[in-house]
Amino acid sequence: MTATRRTFARCLALLPALLLVAAPAPARDGKALAQAGIATAHPLATAAGQEMLAAGGNAFDAAVAISATLAVVEPFASGLGGGAFWLLHEARSGRQVFVDAREVAPGAATPGMYLDAAGNPVPGSTLTGPLAAGIPGQPAGLVHLAKRYGKLPLGQLLAPAIRHAEEGVAVTRGMVLGLQFRQSAARQSPEFAARFYPGGRPLAEGELLRQPELAATLRRLVRGGFDGYYRGETARLLVDGVRSSGGIWTQDDLAAYRVVEREPVRAVVGGVTVVSAPPPSAGGIALVNTLNMLSGFDRPALDPATRAHLNIEVLRRAFRDRAMLLGDPDFVSIPVARLLSPDYAAGQATTIRLDRATPSDGLAGPGTTVAGGPQTTHFSVIDRAGNRVAGTLSINTFYGAAFMPPGTGVILNNEMDDFVIKPGVANGFALVGTDANAIAPGKRMLSSMAPTFLESPRGVAVLGTPGGSRIISMVLLATLAWIDGAEAPAMVALKRYHHQYQPDVVAFETGAFSDADQAALRTLGHRLEASARPYGNMQVVTWDRATGKVEAASDPRGGGDVTVY
Ligand code: GLY
């Protein structure tokens, strides 16, 4: 029995009346689900979600508790200093909504703020320190979710996170890896260094990490709601800390932050309804566009190398459009209908040759690039009423900007790096872009995060993963696997490969291609690069319509945990 399951067994013992006597609420088709399922990247986050369901909360309550707990137990991946996307399905009404709590550029941000006098990028300026941080959205998102969709009070939803911040959590291998990666950056933030590098060395696996300032910040959020973070003491501490270290945030920037509810991207491809992230993420558009392109081919009839070649070619084309056309929809006009249209995809597909790779330089685009690494986190939930949440949360790369404003315990994001700082210059994920994703005050930076629902006569899948630009290829491969009949454990375990238009290389995990398939792909003209280590941390929950079975699976590459009961 895992720690999470033990925790839940204790909850069961305490709450027999609630769980065994209370009739489950009806799903939209009149039937309650026999089970609920949760998959997250950390056992304590899964336990926090369970605690809320056991206390009579719904999937949205669980999502708030999970998101806040992840901020404490995975401080390298997401948190109160970052942003979040939550894709919701309300069983009662059938309504689906995308809650956009993405960071925004501060009011004093300018397109050239990361360039020197000669117009060249200042190395590291978008990645480290408070100038790299957008105005956080996650705290506002937690309040919004709880108020509008939850049943339990915010204090109850944030209690597990506060408890773990106060009492401490065991340092995980993921935390240590990130600390090793950010050690030199940490020197410029004494608060961050003191908490995570006591005595100048990174915390070791198994040590206890206590975060009392973060607990106090969470308590102020409970007491004041939106104002408990974006105005008053927390806002003052954040702005003072940022400005005294070279950042440009103002109190007005924080007070002006707004969560936006958006229509998700929705499309039916080959009998499967895909519901996913709209702009300011490229995730949903790229997913639907690649599936549309693939629908013109008889995939099952192809050998594995040609199938992989085809997947690479559709990714190349979708990422080219990402680079050329996408940005914050509140600032730029995006041809969403065209990009989602099967006819447009059919036109793109005619340029794909099954006997040869298309060089990316042969497709008009904004330029060149280099390498990148992932951080972020994802969780999936289905409750017994049939409500669903796919949540992807981020402070961008490991430990975000590696900067903690004194007195807050909040690690700031370095999400400004997701903007295009100069056309043709690659960001931390080696992505390029155009003015559509240029910096402007109050603008959201383009994301690749893709919290997704798949719906078909077979049932439902709730999925997503961290991984920067690779999120899109991971979600595509898992979607194809589900369409081909895979169950949740196979979806998360699937070996991965990725292409993003520029750089013109196929990154692949060990085991993704046989030797023969590697040779075949090279013969077609692909440049292959083995990834140094496995990547992604996918969390999936599925519901099977015929059997009523709910299944949850956490990526074997990560230290996550699931529950189904
Ligand atoms: N920061 C990664 C993303 O939003 O795509």
Side-chain angles (χ1 to χ4, degrees), residues 41 67 70-71 74-79 81-87 98-105 126-128 132-138 141 178 181-182 260 262 265 276-287 315 318-319 321-323 326-329 369 371-379 390-402 411-421 426-433 436-437 439 443-452 464-476 498 500-502 535-538:
S67 302
L70 286 169
E74 271 198 318
F76 54 87
S78 71
F85 293 145
W86 293 279
L87 180 63
F98 182 78
V99 177
D100 171 356
R102 181 75 162 161
E103 300 92 331
V104 300
T126 58
L127 290 170
T128 302
I135 303 299
Q138 178 160 330
F181 180 67
R182 291 305 258 156
V260 181
R262 302 185 191 276
V265 158
S276 191
S281 179
I285 286 181
L287 181 61
L315 284 165
F319 269 97
D321 282 354
R322 182 196 192 282
L326 299 192
D328 182 343
T369 99
Q375 244 348 290
T376 296
T377 191
H378 178 86
F379 68 88
T392 311
L393 327 165
S394 185
I395 52 172
N396 201 24
T397 60
F398 267 133
Y399 293 96
I411 300 172
L412 299 190
N413 70 85
N414 58 359
E415 218 80 59
M416 291 295 282
D417 185 67
D418 276 348
F419 278 119
V420 170
I421 63 165
N427 78 349
F429 296 110
L431 291 163
V432 287
N437 188 29
I439 300 170
K443 187 176 177 184
R444 284 157 153 85
M445 54 296 285
L446 182 60
S447 173
S448 299
M449 299 193 294
T452 296
T465 178
S469 52
R470 293 178 186 186
I471 290 170
I472 291 170
S473 53
M474 286 187 265
V475 172
L476 172 65
H498 174 75
Q500 60 178 50
Y501 168 64
Q502 294 286 5
Y535 62 86
N537 195 3
M538 183 170 283

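A quick note: this is a predicted structure, and the numbers were derived from the prediction, not measured. Ligands are counted one by one from 1 in listed order, and the atoms in each one are counted from 1 as well.
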Please step through side-chain contact (heavy atoms from CB on, under 4.5 Å) for the pair M445 and E103, ending with a clear verdict. CA-CA 7 Å; M445 54 296 285; E103 300 92 331; 4.0 Å; yes

Quickly, which of D328, I285, L446 forms a side-chain contact (heavy atoms from CB on, under 4.5 Å) with P279? Name it, please. I285

Give one line per pair: atom of ligand 1, protein atom, distance. Only N/O to N/O under 3.5 Å.
{"from": "ligand 1", "atom 1": "1 (N)", "to": "N396", "atom 2": "OD1", "distance (Å)": "2.7"}
{"from": "ligand 1", "atom 1": "1 (N)", "to": "E415", "atom 2": "OE2", "distance (Å)": "2.4"}
{"from": "ligand 1", "atom 1": "1 (N)", "to": "D418", "atom 2": "OD2", "distance (Å)": "2.7"}
{"from": "ligand 1", "atom 1": "4 (O)", "to": "R102", "atom 2": "NH1", "distance (Å)": "3.0"}
{"from": "ligand 1", "atom 1": "4 (O)", "to": "R102", "atom 2": "NH2", "distance (Å)": "3.2"}
{"from": "ligand 1", "atom 1": "4 (O)", "to": "D418", "atom 2": "OD2", "distance (Å)": "3.3"}
{"from": "ligand 1", "atom 1": "4 (O)", "to": "S447", "atom 2": "OG", "distance (Å)": "2.6"}
{"from": "ligand 1", "atom 1": "5 (O)", "to": "S447", "atom 2": "OG", "distance (Å)": "3.3"}
{"from": "ligand 1", "atom 1": "5 (O)", "to": "S448", "atom 2": "N", "distance (Å)": "2.7"}

Within the structure provided, determine whether P280 and R262 are in side-chain contact (heavy-atom separation under 4.5 Å). yes

Step-by-step side-chain contact (heavy atoms from CB on, under 4.5 Å) determination, F85 to S394: CA-CA 9 Å; F85 293 145; S394 185; over 6 Å; no

One pair to check against side-chain hydrogen bond (donor to acceptor under 3.5 Å, both in side chains): S281 and R102. What are the steps and the verdict? CA-CA 9 Å; S281 179; R102 181 75 162 161; over 6 Å; no

For the residue pair T126 and I421, establish whether any side-chain heavy-atom pair is separated by less than 4.5 Å. yes

